[in-house]
Amino acid sequence: MAVQITTKEAVKKIIDKSSVMIGGFLGAAVPLKMIDEIAAAGIKDLTVISIGAGYRGGGVDIGKLVLNKQIIKYVTSHVGTDPNLIKQIVNEEVELELSPMGTFVERVRAGGAGLGAVVTPVGMGTEVEAMAEKITVDGKPYLLFKPIRADVAVIKAYRSDPLGNLQYQGMSNTNPIMATAADIVIAEVDEIVEVGEITCDQIGTPGIFVDYIIQGHSYAERKNVYEELWIATNKL
Amino acid sequence: MAVQITTKEAVKKIIDKSSVMIGGFLGAAVPLKMIDEIAAAGIKDLTVISIGAGYRGGGVDIGKLVLNKQIIKYVTSHVGTDPNLIKQIVNEEVELELSPMGTFVERVRAGGAGLGAVVTPVGMGTEVEAMAEKITVDGKPYLLFKPIRADVAVIKAYRSDPLGNLQYQGMSNTNPIMATAADIVIAEVDEIVEVGEITCDQIGTPGIFVDYIIQGHSYAERKNVYEELWIATNKL
Amino acid sequence: MPRNYIARRIAKEFKDGMYVNLGIGIPTESANYIPEGTQVFLQTENGGLMFGPKPKRGESNPDIANAGAEPITMLSGGAVFDVATSFAMIRGGHVDMTVVGALEVDEAGSIASWKIPGKLLTGMGGAMDLLYGCKRVIVAMTHTDKHGNSKIRKKCTLPLTAAGVVDMIITDKAVFQVAEAGLYLEELAPGVTAAEIKQLTEATIMNINEWEHNEIT
Amino acid sequence: MPRNYIARRIAKEFKDGMYVNLGIGIPTESANYIPEGTQVFLQTENGGLMFGPKPKRGESNPDIANAGAEPITMLSGGAVFDVATSFAMIRGGHVDMTVVGALEVDEAGSIASWKIPGKLLTGMGGAMDLLYGCKRVIVAMTHTDKHGNSKIRKKCTLPLTAAGVVDMIITDKAVFQVAEAGLYLEELAPGVTAAEIKQLTEATIMNINEWEHNEIT
C-alpha cells in the first residue's frame, strides 16, 4: 500500500551514498520531477542504476545528476548518449559497471524476484566474460551474473490510484521491473485517480510494490516537455 | 504472425511422444477445446507440462488425458487435484518431474527467454535439493534448475486478432509464459477480432510468440461450462 | 469450537495494509474475522491481489478464480497478473504474511506439509515459495494428529516443505512464537492449561515453567 | 549513392511476416524500401512491436519512443511491453532478423561494434543480446574505414560484440554470405568488380576465384 507524499518529502528518502534505480529508457518515460528534485537537493555520492544514460547529448533528465557530479558509480548497459558522463568515467570520477542490456534487466528482475543469479549465454566470447562467473549447464557455457537491487527506486508511470496501483501507457520499459527491486519504491505519475478507476487488468504494477506516490507533471505538461525536446533536437 | 486453423488441424501438430505445455491453473483458464481434441485424437506417450493437474477430482480438462492414459511423463509442481494421475504415478505408468511452483514457472520462462538456468533459494533444506544442482553465489547456497521447453504449447487467451496478438482477462496465470517456450504455439481463444481492436497496451502476448489461433468456446459457452462445473462441485 | 478459535486467532495477526496469502481451509476462513477498520489485501498465487468473496451464480467469470480454481470476485483496486509475476512477488519478499496448514512443525521453525512417504503424494505446489518468500509465516493446525500425537515436534520427521521459516504457530489449544532460541508459549486457548500443553507438545517450550508456575500460584 | 545501395539491398532480405529489429542509421533507413506486399513487423528493444513512422508535431506521445528515445507511432496491431519481455523475446530467439552496423566483421562471423579501447566508450547496450538471439544477423556497413582499410577482417582486432553470429554482410560495394567454411561473395554493387573486392577485403573470400574467372571470360 502506498502513501502520497510531496516531491520534497520523497527526495529525503535518498541520502548521500544511496543506491538509486531510475526508471525509463535513455530519457523516455523517466521520472522528470524527481530527477529535478534530486539535482536540486544536491545529494552526493550516488550509485545510479539505470538501463542507459539520459537523453542524447546529455544535460537533461539523468544528465542533470551527471552535470552536478552527484554520481560516483553508474550501473548500466549504455552510456553513449551522455558525453559528460563518458568524460567523468574516463577521468575516473565515476565508476562504471556494465552488463549487456538484456542481462542488466534480468539482474534487476532477479533482485526483485528473489532469484539468486542470472544465467545467460549473452556475452560469451567477448570481454563480458570477465564481468561474470562462467558456468556450464547441460554441457553448454554460460555467464552467471549477480542480481541488482537498490536502496531506492524512482520510477515513472502514467496513473496511480491511492493504493499505489500503477498504470503505464506506451513503453513501460524498465519501470515495472525496477518497481520490484528496491527497499523503497517511489512512483512519479501524471495523475492520481480513485481506487477502481484503474481496472484489474490495466494495472501494470500492483500497489504491493509501491511505497510512495508523487504527483509529477500532468500528461499535457509532460507531452509538452518532450515535444519541445524532440523539436529542439530535430527528432519531430 | 499467426494463422487461424481448425481444432482438428491444430491437434495434428501434436504427435505420439510430443512434449506439450498446457496453459491454465488447476483447471482454470485452460484450452478446453484443444484438450478435448487431443483426447479424441488418442495421441499417445505425451510428456505433459502444466503447473498443476486438472480440476479437483480429476476426469475433466487435463484429467481427460489422464483417464485416456495418453501421458507417460508429467512435468509439474502439483498433482494433488487428480487422484487418477496420482494412481498412475504410483503404478509407475507416468513418470513425474516436480519442482516448486515458482521454480516451475521460472524454468518455463527461462526456456522461452533464452536463459541458461534458474537459480533459486526455494527448496533449500528440503528433498528438492536432490532435484537440482547446488551452487553458491555470493557465499549463499542456491539450487540451479534447467529451463523447460516443449514441442508444442497449447494456451488459452480471451481474444486474438489475426496477427496472433492475444488479450487475457482475469488471471492469465501460466498462459503468457508458456506462449514463449515451445517450438509451436497454439492459442485457443473465445473470440477472434479485427486487427486494432485489441489495443497496444491490451496485448498480453504479442503475435510474435503465436503460430496458430483456434476458435474455442465463446465466452458465454465457456462461462456456462465453468458455472456448471462449479455448481456441481459445490463451489458456486 | 477449536476450528473457530484458530481462524479468529489468526485474524488478530492481520495489521492494516498487509498483503497476505492464505492457505486453503482454516487460514482462508480467517478472512471472515478481519477486524473492523483493518484493510488486508489478499494475494492468490495463481495471479491476483485484492480478491473478494465468491460471486453469485450467473455472475462468475471463468478466468477469475483462486489457487484452487474456485470462483472468486475481484475487489475494486484489485489486480490480476501472470504466475511469473505472482511468484516474483512471493519469492521476492513482497508479501507480508502467509498462513498455512501443516502436518508437523518443529522447534527450529521447520515445517512439513507436502508429503507423507508412501501415502500422500501431491507435489509441493506453491508452498515452498510462499514459506521461503513471505516476510512472516504463521502455521495454523490442530495441536495433535488424529491419534493424539503432537504435531509440534522436536524435529520434523516428515519431508520438509521449508527449513527454519515459521514465525508463529496457532493451534486449537495454544499460540507459540518461534524464536531463534526455540519455541515460546504465548497464549492458551480458552479452557486449556499449560500443563496440558506441556503434555501434548513434543517440542521443548522455552517458557513453559513460567506458565506452569503462574497456574500454580 | 552507396548509402542508398546498402539500405535498398537490406530491404531485399525482408520476407513477408518477419519480425525484425533494425539498428540505428542505415538499417533503420532500409524500412523505407520494404517491398510492396511484404509485411514486416519492426521490433524495438525498449518494448514495442509494429511501430511506424514518427508522429506529426502535436501528436507525439511521451511514452511512445524508439530505442533512441525518439518519437514514433504505433501501427494498428502493434504491442507495447516492458524491457524484460522485450529481451526475453530477443534472447529467446523469437525475432527473425536483426540488421546492425559494425566497426569490423570477420571470416568467422564475429563482429566488433561497441568499443574502441581508449577511444570509443559507450557500453554494449542491447547489441550483444540482439546478435546472440536474433535468428538471422545482417551486418550493414561501409566496406572500408575512412583510411581505406578493410572492415572485413580475417579476425576482428577490436573487442567483439558477439562471436560467430553474422549470417550476411552488406557493404556499399558487395554482399557476402557467412557460412561455416568462411565468406562467400554473393553480389557486387553496381560498377564494382570482383578484383576490386579482392583488393579491398582482408578476409579470405572462398569463391573469389569463380567471380574473377567470370569477369575475365
Side-chain angles (χ1 to χ4, degrees), chain A residues 24-30 51-56 76-81 86 89-90 96 98-106 108-109 120-128 156 158 168-177 190 204 219 222-227 229-231 233 235-236, chain D residues 44-48 51 54-72 74 79-92 108 110-112 114-115 117-133 159-165:
Chain A
F25 196 102
L26 276 66
V30 292
I51 198 166
Y55 190 71
R56 190 167 292 279
T76 190
S77 71
H78 197 258
V79 294
T81 50
I86 293 177
I89 292 165
V90 171
L96 178 65
L98 277 179
S99 17
M101 195 173 272
T103 305
F104 171 89
V105 176
E106 282 299 313
V108 175
R109 181 178 181 274
T120 176
V122 174
M124 284 303 304
T126 76
E127 285 185 1
V128 172
K156 179 73 191 76
Y158 169 44
Y168 301 96
Q169 61 112 29
M171 284 80 171
S172 57
N173 57 64
T174 52
N175 290 297
I177 314 299
D190 293 359
Y219 180 77
R222 200 158 60 87
K223 178 175 168 174
N224 209 37
V225 168
Y226 278 93
E227 286 246 338
L229 178 67
W230 283 331
I231 290 169
T233 53
K235 301 297 181 192
L236 191 69
Chain D
T44 180
E45 61 265 37
N46 57 314
F51 63 88
K54 68 179 182 185
K56 291 189 190 135
R57 287 189 185 179
E59 291 175 14
S60 74
N61 179 325
D63 298 328
I64 305 277
N66 66 17
E70 299 167 9
I72 53 174
M74 294 304 299
V80 291
F81 34 85
D82 66 55
V83 273
T85 304
S86 183
F87 279 91
M89 195 179 277
I90 290 167
R91 192 182 40 234
S110 294
I111 166 173
W114 73 285
K115 191 176 176 181
K119 255 187 169 174
L120 176 73
L121 170 80
T122 66
M124 67 293 280
M128 290 186 179
D129 297 273
L130 282 160
L131 290 167
Y132 168 82
L160 294 188
T161 318
V165 298

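Hydrogens, waters and symmetry mates play no part in the numbers below; they use all other heavy atoms, side chains included. First the proteins, then the strands, lettered A, B, ... as listed; each starts at 1. Note that the structure is a prediction, hence the values are computed from the model and not measured.
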Practice task
Mind ranking A:A28, A:G80, A:G170, A:G204 by heavy-atom pairs under 4.5 Å with chain D and telling me who comes out on top?
Solution key: A:G170
Exercise for the section: Find out whether D:Y132 and A:P121 are in side-chain contact, i.e. whether some heavy atom of one side chain is under 4.5 Å from a heavy atom of the other. Expected result: yes
Practice task
Could you tell me which non-hydrogen atom of A:T103 sits nearest to which non-hydrogen atom of D:D129, and how far apart they are?
Solution key: N-OD1, 4.0 Å
Exercise for the section: Measure across D:S60 and A:K223 and return the closest heavy-atom pair with its distance rounded to 0.1 Å. Expected result: O-CE, 3.3 Å
Completion exercise
Assert top hit (heavy-atom pairs under 4.5 Å, partner chain A, pool D:G68, D:A163, D:G48, D:A84) equals D:A84
Problem - Option that, when pairs with chain A are counted at under 4.5 Å, heavy atom only, ranks first among D:G126, D:G47, D:G125 - result: D:G125
Practice task
Would you give the length of the straight line joining atom OH of A:Y219 to atom CG of D:N61, rounded to the nearest 0.5 angstrom?
Solution key: 3.5 Å
Exercise for the section: Below 4.5 Å from any heavy atom of chain D, which atoms of A:E106 appear? Answer side chain, backbone, both or neither. Expected result: side chain
Handout entry: chain A contact via D:T85 - which portion, at a heavy-atom distance below 4.5 Å
Key = neither
Fill in the blank from the handout: Okay, D:A67 and chain A: the region with an atom under 4.5 Å from a heavy atom over there is both
Practice task
Considering non-hydrogen atoms only, spot the tightest contact between A:M171 and D:I64 and give its length.
Solution key: SD-CA, 3.9 Å
Practice task
Check whether A:V128 gets within reach of chain D through its side chain, its backbone, both or neither, counting any heavy atom under 4.5 Å.
Solution key: side chain
Problem - Gap separating the CG atom of D:N66 from the CG atom of A:L26, nearest 0.5 angstrom - result: 9.5 Å
Practice task
Would you please name every residue forming a side-chain contact (heavy atoms from CB on, under 4.5 Å) with A:T76, sequence neighbours left out?
Solution key: A:Y74, A:V79, A:L96, A:L98
Practice task
State, to 0.1 Å, how close D:P62 and A:R222 come at their nearest heavy-atom pair, and which atoms those are.
Solution key: CB-NH1, 3.8 Å
Practice task
Would you give the length of the straight line joining atom CE of D:M128 to atom OG1 of A:T126, rounded to the nearest 0.5 angstrom?
Solution key: 3.5 Å
Handout entry: Under 4.5 Å from a heavy atom of chain A, the part of D:R57 involved
Key = both
Problem - Residue list, side-chain contact (heavy atoms from CB on, under 4.5 Å) with A:A29, at least two apart or on another chain - result: A:N173, A:N175, D:D63
Handout entry: Distance-minimising heavy-atom pair for D:L160 and A:G125
Key = CD1-O, 3.5 Å
Completion exercise
Turns out that what part of D:I111 lies under 4.5 Å from chain A's heavy atoms comes down to neither
Practice task
Nearest 0.5 Å please: distance from the CD atom of D:E59 over to the CD atom of A:E227.
Solution key: 9.0 Å
Handout entry: Contacting moiety of A:P100, where chain D heavy atoms sit under 4.5 Å
Key = both
Problem - From A:T120 atom OG1 to D:F87 atom CZ, the distance as rounded to the nearest 0.5 Å - result: 11.0 Å
Handout entry: Residue A:Y55 versus chain D: region with a heavy atom under 4.5 Å
Key = side chain
Fill in the blank from the handout: CD of D:E45 to CE of A:M101, rounded to nearest 0.5 Å, is 6.5 Å
Fill in the blank from the handout: Cut-off 4.5 Å, heavy atoms of chain D, and the answer for A:L236 is both
Exercise for the section: Tell me, for A:I51 versus chain D, whether the close heavy atoms (under 4.5 Å) come from the side chain, the backbone, both or neither. Expected result: side chain
Problem - Which atom of A:W230 lies closest to which atom of D:E70, heavy atoms considered - result: NE1-CA, 4.0 Å
